[in-house]
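Beneath this line is the structure, given in structure tokens, with notes to follow.
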There are 2 protein chains.
Amino acid sequence: MAVAVDLAILTVRDKQLQVLTVERGTPPFQGACALPGGYVEDEDLSAAAARELQEETGLDADKLHIEQFGAYGAPDRDPRGRVVSIAYLALMPDLPLPSAGGDARSAHWIPVGKLLAEPERLAFDHHQILTDAVERARAKLEDTTLAPAFCPDEFTVAELREVYETVWGHALHPGNFRRKVTGAEDFLIPTGERTIRSGGRAAALYRRGPAERLIPAILRHHSARSGAGRSQLRGPAR
Amino acid sequence: MAVAVDLAILTVRDKQLQVLTVERGTPPFQGACALPGGYVEDEDLSAAAARELQEETGLDADKLHIEQFGAYGAPDRDPRGRVVSIAYLALMPDLPLPSAGGDARSAHWIPVGKLLAEPERLAFDHHQILTDAVERARAKLEDTTLAPAFCPDEFTVAELREVYETVWGHALHPGNFRRKVTGAEDFLIPTGERTIRSGGRAAALYRRGPAERLIPAILRHHSARSGAGRSQLRGPAR
DNA sequence: TAAATAGTGTCTCTCAGACATTATCTT
DNA sequence: AAGATAATGTCTGAGAGACACTATTTA
């Protein structure tokens, strides 16, 4: 029984959540997209994932976030024979891929939304794997300090907010978002510098802090709370 | 390369979180405890886990909660050869094990605390697997409706609270706990009946509701909040 | 100046912790 | 009645959504 690793490498690019795919040059699923991956050799699973990451992107695994999130082993998931695949999720900023890796033949960034809407475009059970990877990423933004993994070393609050908005797929309130992320302990460390990334007031730059858990968490859904604020009608008499 | 499944089957028993272990009768690790498990055959991974569960406990997998939580594949984790193991977490009420399963030779419930304190008692890397399983269970009680999986079909709020207290390892405030679990939508459904399980007023019985996510969540840690209540000194003048 | 974005302040509702109190059951 | 447990109520502070407002930069 063969054991492989598959990687869902995500980034935020052009205001879209995108995933790195390779085009399959040989059957089965010739011409389709697939998540990068390969067989596990005489090494630990995480080492296999790091090696594949290096081969596909030329990037060093300990420079970005990478974590295991599932194992897939349906008997017929690979028509060539029994393969159990351990799936890894990697998050990275929108860097130009070194593409030096000899294996970087045909790596492309593709918007996740497009891929999930067309289940046929992904080989094997990679549609399911990608679905699970995206859900994992969305959930982890809520209560961990993972979001800066999508940003360069130094970033603004607005850039961080764009990460959340892109991954979750809906807009967040700028003022409240700032209050929360700057209030969470050890999440963001101000560098003291400012920058102008777009027309408007210069924004402060931050670096990610040492915290791993986000306390308090930032919830995706408005959790069916009736909402506060001024929605109640409290006009002057009636 | 062999692929196996290992099961961390947890229950709450005698006010302790306990795990089902089997005693190893043959080398390696002869005489040590191990998590039940076995090789994956011509079946899906979840089917292999369900089969092992059936063999070890005589219980049906679709009657209790079971979920995959990790894959372990260090090259030297099994001295007999390369084995990658997919780990599953199962939660069940404190039932008498049918033990009809022919394989139930030497299954024992052992308190998790005791096992985690003595890393040598568990074979292979099962100490690590159990550690991860327990952490997963603790985390899932926070924001999912999983806790009733540890209870019989009908249960009282106090029994549910005992589950939380046992898994998390600390006491919870009875009044506040009740307010939260009965307030969470679709979490608990009152059966209308009452029962007396201990000296005192009869308690209402509940059944688990259809919700999967617990909203709002119940947090383990007091999240370093300064705490509210009457701790402020507000005595009458001074 | 206007336009645009960064950042702060405030109001109100909800939630959680810390009690206090009432209700119901057994002995 | 006493003791025990179940269930409810209240006060307070923290956090979140909504929104108004101020600050700083470019065009």
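Chain A is the first sequence line, chain B the second, and so forth, proteins listed ahead of strands; every chain is numbered from 1. All values reported here derive from a predicted model rather than from experimental measurement.
- Residue-level contact check: A217(B) touches the backbone only, with heavy atoms under 4.0 Å from sugar-phosphate atoms and none from bases.
- Atom P of nucleotide dA6(C) and atom CD of E162(A) are separated by 11 Å, given to the nearest angstrom.
- Atom CZ of R178(B) and atom C1' of dA16(C) are 17 Å apart (whole Å).
- Side chain of Q18(B) to backbone of R13(B): a donor-acceptor contact under 3.5 angstrom is found.
- Minimum atom distance to the side chain of P216(B) is reached by dC15(C), of the listed dT8(C), dC15(C), dA7(D).
- Following rounding to the nearest Å, L214(A) (CG) and dG15(D) (P) show an atom-to-atom distance of 13 Å.
- Atom CD in E159(B) sits about 13 Å away from atom C1' in dT5(D), given to the nearest Å.
- Side chains of Y72(B) and D6(B): a donor-acceptor N/O pair is absent below 3.5 angstrom, by distance only.
- In terms of polar N and O atoms assigned as donor or acceptor, the side chain of R179(A) comes within less than 3.5 Å of the base of dG17(D) in a complementary pairing.
- Heavy-atom nearest nucleotides on DNA chain C were determined for R194(B) and for N176(B), and the one closer to the 5' end corresponds to N176(B).
- Using a distance-only test at 3.5 Å, with no hydrogens or angles considered, no donor-acceptor pair links the side chain of R207(B) to the main chain of D153(B).
- If you take NZ of K180(B) and P of dA18(C), they are 10 Å apart, rounded to a whole angstrom.
- Look at CG on L172(A): it is 12 Å from C1' on dA16(D), rounded to the nearest Å.
- DNA chain D is contacted by both I218(A) and L205(B); L205(B) maps to the nucleotide lying nearer its 5′ end (nearest heavy atom per residue).
- Closest-nucleotide positions on DNA chain C for G200(A) and P174(A) were compared, and the one nearer the 5' end corresponds to G200(A).
- Between the T57(A) side chain and the L59(A) main chain, a donor and an acceptor come within less than 3.5 Å of each other.
- Rounded to whole Å, the distance from CD on E142(B) to C1' on dA16(C) is 14 Å.
- Look at R201(A) and you won't find any side-chain N or O under 4.0 angstrom from OP1 or OP2 of dA23(D).
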